[in-house]
Amino acid sequence: MGARLLFVVPNVPYPLATGGHLRDWQILNLLARRGVRPALLYFGAGEAYPLAADAPVHALASSVAFGGARVEEPDGSLWATIARKLSYATGAGTTHPFAYQYDAMSAHETILAEAARVGAQAVVVRAFWCHHAPRLRAEGLQVVANCPDSNIRLAREMVRSVASPAAKLGPLCNQVAVRRLEREYLGRADEVWVPTASERAEIAALGGSARLVTVPNLVDVDACPNLAATAPEPDTLLFVANFGYAPNANAAGRLLRRVFPAIRNRRPRARLLLVGGGMSPALRRLAAATDGVEATGFVADLTPVYRRAALVLLPVREGAGMLFKTIEALAYGKATVGFPEAYRGIDADPESAFLTAGRDADLALAASRLLEDDAARRMLGEGARAFAAARLSWDYGVRCLDESLVARLGG
């Protein structure tokens with residue numbers, strides 16, 4: 001199919017620093033396994049660098065184009081931001097949450113121009129651009145809305161992630177607007193790719209004629225060494241995340257304030273690795289003040305830190321979609337324990353692939369017991385790897401696209 005498909009991503013797609021990057025990387029690889037090399041159009045989202053000329057993304061695309069940098073501060077003032085948020089709540093807004101910085105640069109015009117340049121028949125865009133679906137379809141393009149997670153659910157969870165009642169106002173306005181946006185426009189795409197069955201049901205309830213295809217978040221399991229039987233550093237715990245994302249920052253704070261100190265009471269030599277960028281100054285200070293914590297910042301190759309870890313913790317409560325950090329840990333064959341929300345969309349027997357805990361104290365106790373039991377950790381790791389190979393691999397994902405317009409277009 002070649003450049004008959006245009007794949008549009010909202011930011012510089014490499015290095016793989018966020019779940020959004022991992023989703024885009026996955027889609028490109030699934031398409032490649034179907035013999036499809038789409039044209040790629042990417043925008044700038046605050047990055048101070050372009051896509052490197054030697055980035056592996058180039059090998060997966062028939063062409064790569066930069067659509068320009070989004071407008072980082074389109075409101076111009078705090079009061080204008082407040083006015084925009086309130087317009088979301090009233091329905092008077094002319095832009096939309098998650099897309100307003102791209103709307104300020106008329107990103108849809110850039111998408112249309114690039115589609116015409118490469119001769120695309122179909123375009124894959126993030127779901128937060130679904131309000132452009134009517135215009136794109138009017139130009140003869142088939143439109144796929146790619147959802148790393150349900151934006152309605154994500155907006156709802158972002159309200160939940162904010163503790164202060166006053167600070168909830170902005171996220172509440174976003175939630176109202178996102179629900180209105182997706183109810184009006186998401187079903188007007190030709191196809192919507194959703195990551196989990198529950199999010200598929202939520203989007204189906206919005207109505208519309210769009211075909212819904214479940215495309216879960218996945219990883220290249222074959223590229224992850226199986227660490228189930230390797231000897232880790234004793235009593236070493238790991239949490240990998242983009243800490244600039246509120247649910248992950250909240251999870252790290254929960255670990256540092258309540259869970260990890262309780263583990264240290266039982267296992268005084270326990271260490272916690274916090275791996276990932278985006279830490280706020282306050283979170284960095286908290287990590288530095290907590291005994292036994294090592295905050296590494298962003299790490300390009302995660303294999304060494306997974307090799308060090310005896311146990312992976314997944315203390316995430318808020319958010320939507322499937323967590324790449326969870327999928328990745330299972331693919332590496334690591335024993336994991338976390339809150340049930342961290343395993344969203346993963347339909348496995350938790351006794352054989354992972355452990356869940358309902359409260360902070362339960363998480364600390366389960367982690368402490370696993371640190372004491374090498375055999376239990378190995379058994380969990382082996383079950384995790386087997387499940388990942390069967391249900392979380394790119395080979396599995398290629399079959400998911402059998403239902404999609406990619407297959408119908410000849411990919």
Measuring from Leu314:CG to Phe239:CZ, what's the distance to the nearest 0.5 Å?
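That separation rounds to 7.0 Å.
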Drop me the distance from Ser62's OG to Leu6's CG, to the nearest 0.5 angstrom.
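It is 9.0 Å, given to the nearest 0.5 Å.
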Under the 6.0 Å and 45° cation-pi test, does Arg70 pair with Phe43?
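No cation-pi geometry.
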Is there a side-chain contact between [X] and [Y], using heavy atoms and a 4.5 Å cut-off?
| X | Y | answer |
| --- | --- | --- |
| Pro56 | Tyr14 | yes |
| Leu238 | Val275 | yes |
| Asn242 | Phe298 | no |
| Glu191 | Val213 | yes |

Is [X] salt-bridged to [Y], going by a charged N under 4.0 Å from an acidic O?
| X | Y | value |
| --- | --- | --- |
| Arg271 | Glu233 | no |
| Arg126 | Asp24 | yes |
| Asp235 | Arg267 | yes |
| Glu114 | Arg117 | yes |
| Arg377 | Asp374 | yes |

Between [X] and [Y], is there a donor-acceptor pair closer than 3.5 Å when you use the side chain of the first and the backbone of the second?
| X | Y | value |
| --- | --- | --- |
| Arg254 | Val259 | no |
| Arg344 | Thr196 | no |
| Gln26 | Trp394 | no |
| Arg33 | Gly397 | no |
| Tyr306 | Leu227 | no |
| Asn226 | Gly333 | no |

Quick one: which of Ile111, Thr110, Leu40 gives a side chain to side chain contact (heavy atoms under 4.5 Å, CB included) with Val8?
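Answer to the side chain to side chain contact (heavy atoms under 4.5 Å, CB included) test with Val8 among Ile111, Thr110, Leu40: Ile111.
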Full working for side chain to side chain contact (heavy atoms under 4.5 Å, CB included) between Val176 and Tyr88:
CA-CA 7 Å; Val176 171; Tyr88 291 163; 6.0 Å; no
